[in-house]
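What you see below is based on every heavy atom in this structure, not just the backbone, and it leaves out hydrogens, waters and symmetry mates.
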Amino acid sequence: MASKVSKASQSQGLLLFHLNQSQLFALGTLKVRELVPFTALTKIPNSHPSIMGAAAVRGGTIPIIDMAAGIGFRPIDESELKNCFIIITDCQRMVIGFVVRAIDKIIECNWRDIEPPATNLGKNAFLTGVTHFEGRLVQLLDVELLLSKIFPHDPSVNRAILTDVQREKLKPLRILIVDDSKVARKQLSDALDSINIGYQVTSNGQEALTMMVEAAKERNPVQLLVSDIEMPGLDGYELSFEVKNNPEIAKAYIILHTSLSSEISLSQAKQVGANEALTKFDAKELIEAMLRGAKHISDAANLVKSPS
């Protein structure tokens, strides 16, 4: 039987831009709403030092962040602003503007060509991956980490309350979570730790796929997969497709868990076989999705046991 061809394109858009003269940075274009020249801002009292103010954009008011200052580079000087651009993003349920020194271009990039950053960069390295374009090093920024520094998470969103009956439905399941962002992995881990649910965790899609295949060989398959979408190497769409295209692991219930606030991510998630797509981060929503997964798994098992 011929293998299926994935409906998820490995080619994803990257917006390239500069925060200084020498380095080239990138964001996935699915996070980007629009690009606008720098505009006048209204100061926000008692805000984080990296927040330059608020801008009126298309009838709404959004906070504007000096991205260079946010990741520890030299802040943008007032004399530079006339040449700067604002990248308006829709990420983690927030519309935010990031001021950058220059826009380079938008390119198509194969996510398999994106490599994880070096492991010795430390916990405050704002990178999720690196690649090359026309001989230049391109560094993908970890927007989730940056936002977590500027807008600290409300601890309450990392907690969910379960009844004993609900907890017992999740406890027997073999759960795997995969996300390239350190912040997202901690959020997921904290949410499951708080309700005493066991899990495994990894930072990239290829390793997650390998773990699932090996677990199936050991007759202890992963039953519930929670995966990010934008990841170096093997992204969440391709991971979902590979899982559903492998009979040994295809029964896994897949929840794509993404910082993208877009209906596009949900539509494409369904195309590649994922069961659900959620926007990060709300522990209650995540646990409710996992409970739906537990019911789906239980119903499927009962169907197999039922006499024909």
Linking I/L/V/M/F/W/Y whenever their side-chain heavy atoms sit closer than 4.5 Å, directly or via other members, would Ile229 and Leu176 fall into one cluster? yes
So CG of Leu162 and CG of Leu291: to nearest 0.5 Å the spacing works out to 6.0 Å
(Q) If you define the side chain from C-beta out and look only at heavy atoms, does anything of Leu141 sit under 4.5 Å from Leu146? (A) no
Open item on the list: Checking the side chain of Asn302 only, and the main-chain atoms of Ser298 only, is there a donor and an acceptor separated by less than 3.5 Å?
Closed with: yes
message: Under the criterion side-chain contact (heavy atoms from CB on, under 4.5 Å), I'd like the reasoning laid out for Leu192 against Met290: C-alpha separation, chi angles, the key distance, then a yes or no.
response: CA-CA 11 Å; Leu192 295 180; Met290 294 175 75; 3.8 Å; yes
Notebook entry, point to check: Asp66 side chain to Ile76 main-chain N or O, any donor-acceptor pair under 3.5 Å?
Noted result: yes
Using modelled atom types and a 3.5 Å cut-off, is there a donor and acceptor pairing between side-chain atoms of Thr61 and backbone atoms of Val57? no
The residue among Glu214, Glu242, Met212 that forms side-chain contact (heavy atoms from CB on, under 4.5 Å) with Ile249 is Met212
**Study point:** Thr163 side chain vs Gln166 backbone, donor-acceptor pair below 3.5 Å
**Key:** yes
Interatomic distance, CE@Met67 vs CZ@Phe73, rounded to 0.5 Å, equals 11.0 Å
Report task. State, with a plain yes or no, whether a side-chain heavy atom of Val32 is found less than 4.5 Å away from one of Ile106. Result -> no
Correct closest heavy-atom pair for Leu41 and Ala55 would be CD2-CB, 3.6 Å
(message) Between Ile88 and Ile96, is there shared hydrophobic-cluster membership here, with clusters defined by ILVMFWY side-chain heavy atoms closer than 4.5 Å?
(response) no
- Can you tell me if Ser181 and Asp179 form a side-chain donor-acceptor pair at under 3.5 Å? no
When every non-hydrogen atom of Pro232 is compared with those of Ile114, the smallest separation belongs to CB-O, 3.2 Å
Original post:
Hey, is Lys182 close enough to Glu144 for a salt bridge, meaning N to O under 4.0 Å?
Top reply: no
One pair to check against ring-ring contact (aromatic ring centres under 6.0 Å, His included): Phe281 and His257. What are the steps and the verdict? CA-CA 8 Å; Phe281 182 81; His257 192 233; 5.5 Å; yes
- After noting the C-alpha distance and the side-chain angles of Ile107 and Leu16, does the key distance pass the side-chain contact (heavy atoms from CB on, under 4.5 Å) rule? CA-CA 8 Å; Ile107 65 170; Leu16 308 185; 4.0 Å; yes
Taking the side chain as every heavy atom from C-beta outward, state whether Val178 and Val201 have any atom pair closer than 4.5 Å.
no
The reported gap from CD1 in Ile62 to CZ in Arg33 (rounded to nearest 0.5 angstrom) is 8.5 Å
Just so I know, are the side chains of Val226 and Leu286 near enough to count as touching, which here means a heavy-atom distance under 4.5 Å? yes
Do Lys105 and Phe133 come close enough that some side-chain heavy atom pair is under 4.5 Å?
yes
Shortest non-hydrogen pair, Ile254 vs Lys244, comes out as CD1-CE, 3.7 Å
Is there a donor-acceptor contact under 3.5 Å from the side chain of Arg101 to the main chain of Leu19? yes
### Message
Any carboxylate oxygen within less than 4.0 angstrom of a Lys/Arg side-chain nitrogen, looking at Glu230 and Lys31?
### Response
yes
Residues Ala252 and Asn275: closest non-hydrogen pair is O-OD1, 4.0 Å
Examine the side chains of Asn20 and Gln23 and answer whether a donor and an acceptor come within less than 3.5 Å of each other.
yes
*Flag yes if more than 12 heavy atoms outside Gln21 fall under 6.0 Å of its CD atom; otherwise flag no.*
no
Any chain of hydrophobic side-chain contacts (each under 4.5 Å) joining Ile86 to Phe98? no
Worksheet item: Counting N and O atoms only, with roles assigned by atom type, does the side chain of Glu285 sit under 3.5 Å from a partner on the main chain of Asp282, one being a donor and the other an acceptor?
Response: no
Sorted by chain and number, sequence neighbours left out, salt bridge (Lys or Arg N to Asp or Glu O under 4.0 Å) with Asp228 holds for Lys280
Between Met52 and Lys43, is there a side-chain heavy-atom distance shorter than 4.5 Å? no
- Task: For the pair Arg185 (side chain) and Asp180 (backbone), establish whether a donor and an acceptor sit closer than 3.5 Å, ignoring hydrogens and angles.
- Result: yes
Tell me whether Thr202 contacts the main-chain N or O of Glu207 through its side chain, where contact means a donor paired with an acceptor under 3.5 Å. no
d(Glu168 CD, Ile197 CD1) to nearest 0.5 Å is 8.0 Å
In this structure, CE of Met231 is separated from CG of Leu234 (nearest 0.5 Å) by 6.5 Å
4.5 Å side-chain heavy-atom contact, Thr131 and Leu137 | no
- request: Check step by step if side-chain contact (heavy atoms from CB on, under 4.5 Å) holds for Asp142 and Leu127.
  value: CA-CA 5 Å; Asp142 187 343; Leu127 301 180; 5.9 Å; no
Could you go through Leu256 and Leu239, starting from their C-alpha distance and side-chain angles, then the distance that decides it, and tell me whether this counts as side-chain contact (heavy atoms from CB on, under 4.5 Å)?
CA-CA 10 Å; Leu256 291 182; Leu239 174 58; over 6 Å; no
TODO: Determine whether the side chains of Glu276 and Tyr253 contain a donor N or O and an acceptor N or O closer than 3.5 Å.
DONE: yes
Smallest heavy-atom separation, Ala269 atom then Tyr237 atom, equals N-CE2, 3.7 Å
Same apolar cluster (I L V M F W Y, side chains within < 4.5 Å links), Val100/Phe25
yes
Value for CG (Asn83) from CZ (Phe38), rounded to nearest 0.5 Å, stands at 11.5 Å
Task: ILVMFWY cluster, Ile65 and Val36 together (side-chain gap under 4.5 Å) - done: no
Whether Ser240 side chain and Val272 backbone form a donor-acceptor pair below 3.5 Å: no
request  = State, without any angle test, whether Gln200 and Arg174 hold a side-chain donor-acceptor pair at a distance under 3.5 Å.
outcome  = yes
*Taking the side chain as every heavy atom from C-beta outward, state whether Ile287 and Ile195 have any pair of such atoms under 4.5 Å apart.*
yes
When every non-hydrogen atom of Ser50 is compared with those of Ile150, the smallest separation belongs to CB-CD1, 4.1 Å
